Amino acid sequence: MTRLSRAVRGLVTAVAALLAATAASATAQAKPEPKAPRDFVALNDVDPTIIQEIRYFTPHNFVGETVDGYRQPLCILTRPAAEALHTAQRKLLRQGYSLKVYDCYRPQRAVDHFVRWAEDLDDQRMKAEFYPNVDKTRLFADGYIAEKSGHSRGSTVDLALVELPTEPTRPYHPGQPLTPCFAPEDERFPDTAVDMGTGYDCFDTLSHTLDPRVQGEQRANRLLLKNTLEDLGFVNLAEEWWHYTFKPETHPDTYFDFPVSRRSLTGHN
């Protein structure tokens with residue numbers, strides 16, 4: 001084989017490899033997003049009266065930016081969990097309250113975003129509000145961040161109570177001064193929820209549902225939420241007053257990764 005022939009052959013091989021790589025990249029980019037199973041629903045289709053303030057769609061969360069996978073400020077849940085919340089809402093409305101959800105189904109890509117954030121020890125922009133007393137190196141060891149979340153199974157919800165009538169929560173603007181999430185209610189970031197003793201997603205032992213330091217009205221509010229939901233099959237995570245899972249779970253062993261959006265609910269498999 002002549003030197004020219006070897007050069008031509010090498011060029012052809014390189015071009016073929018480049019075309020194959022381009023085609024593979026195009027195929028990967030064209031790969032459709034995963035869809036939700038048929039038993040997932042938008043909560044506002046089941047009960048439009050439940051207030052939704054999806055924090056991970058906004059920059060007002062412990063990461064400080066919109067979290068991966070949150071395409072719309074939408075609560076998605078398995079139908080049994082959504083219908084149980086509807087029943088709870090009917091009971092609470094008669095007492096002058098509404099539920100407010102902060103997070104529902106959470107895609108695995110969002111959990112992965114939390115993990116990357118937790119490993120970036122230089123990113124402390126939201127520490128003053130969400131984890132003022134916790135060293136970021138301790139987030140995994142102390143259980144605040146994990147590589148898997150029950151939210152990704154679709155039957156877990158983060159929520160609070162709101163006394164009616166109410167107004168929308170004032171928007172958070174990145175860079176504004178932050179106040180510890182366990183500060184007195186009139187000092188911490190304003191939330192339309194009743195006083196639960198801490199803000200949502202407060203990385204502190206005061207967030208433990210039955211922490212003995214939380215008494216009076218704050219404890220009564222936690223217990224009203226807890227008793228209402230537990231009567232309907234929800235189980236509270238003892239470390240987080242806002243965290244409830246409907247049992248039995250429809251998908252107890254599956255961690256989904258479809259985006260939080262209406263489009264994920266169309267064209268069900």
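Note that the structure is a prediction, hence the values are computed from the model and not measured.
Taking the six-membered ring for Trp and the full ring otherwise, Phe258 and Phe40 have centroids separated by under 6.0 Å. Note: His243 and Phe234 fail the aromatic proximity criterion, with ring centroids not under 6.0 Å apart. The distance between the ring centers of Phe62 and Tyr131 does not fall below 6.0 angstrom. A ring-centre distance under 6.0 Å is not found for Tyr105 and His151.
The aromatic rings of Tyr70 and Tyr56 sit perpendicular to each other, their planes meeting at more than 60°, with 30° as the lower class boundary.
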message: For Met196 and Val214: C-alpha separation, side-chain torsions, deciding distance, then whether side-chain contact (heavy atoms from CB on, under 4.5 Å) applies.
response: CA-CA 8 Å; Met196 293 289 196; Val214 178; over 6 Å; no
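Separating the OG atom in Ser98 from the CD atom in Glu163 is a distance of 11.5 Å, to the nearest 0.5 Å.
Surrounding CZ of Arg79 are at most 12 heavy atoms belonging to other residues, nucleotides or ligands under 6.0 Å away. Annotation: Gln95, atom CD; neighbour count of heavy atoms from other residues, nucleotides and ligands within 6.0 Å is above 12. More than 12 heavy atoms of other residues, nucleotides or ligands shown are found within 6.0 angstrom of CD on Gln215. No more than 12 heavy atoms of other residues, nucleotides or ligands shown are found within 6.0 angstrom of CD on Glu217.
In summary, Arg188 and Asp195 engage in a salt bridge, as defined by a charged side-chain N under 4.0 Å from a carboxylate O. Classification of Asp68 and Arg116 as a salt-bridged pair holds, one side-chain N sitting under 4.0 Å from a carboxylate O. For Arg153 and Asp253, the salt-bridge test fails: no basic side-chain N is under 4.0 Å from an acidic carboxylate O. Remark: Asp45 engages Arg262 in a salt bridge, criterion side-chain N to carboxylate O under 4.0 Å.
Counting only distance, with no hydrogens or angles, the side chain of Lys35 and the backbone of Arg263 share a donor-acceptor pair below 3.5 Å.
Linking Ile, Leu, Val, Met, Phe, Trp and Tyr whenever their side-chain heavy atoms come within less than 4.5 Å leaves Ile51 and Leu92 in two separate clusters. Placement of Leu77 and Tyr255 in two distinct hydrophobic clusters is found when ILVMFWY residues are connected by side-chain heavy-atom separations under 4.5 Å, directly or transitively.
Judged by the 6.0 Å distance and 45° axis criteria, Arg170 is positioned over the aromatic ring of Phe189. Lys136 forms a cation-pi arrangement with Trp117, by the criterion of a distance under 6.0 Å to the ring centre and an angle within 45° of the ring axis.
Heavy-atom minimum distance, Thr250 versus Ser155: N-OG, 3.9 Å.
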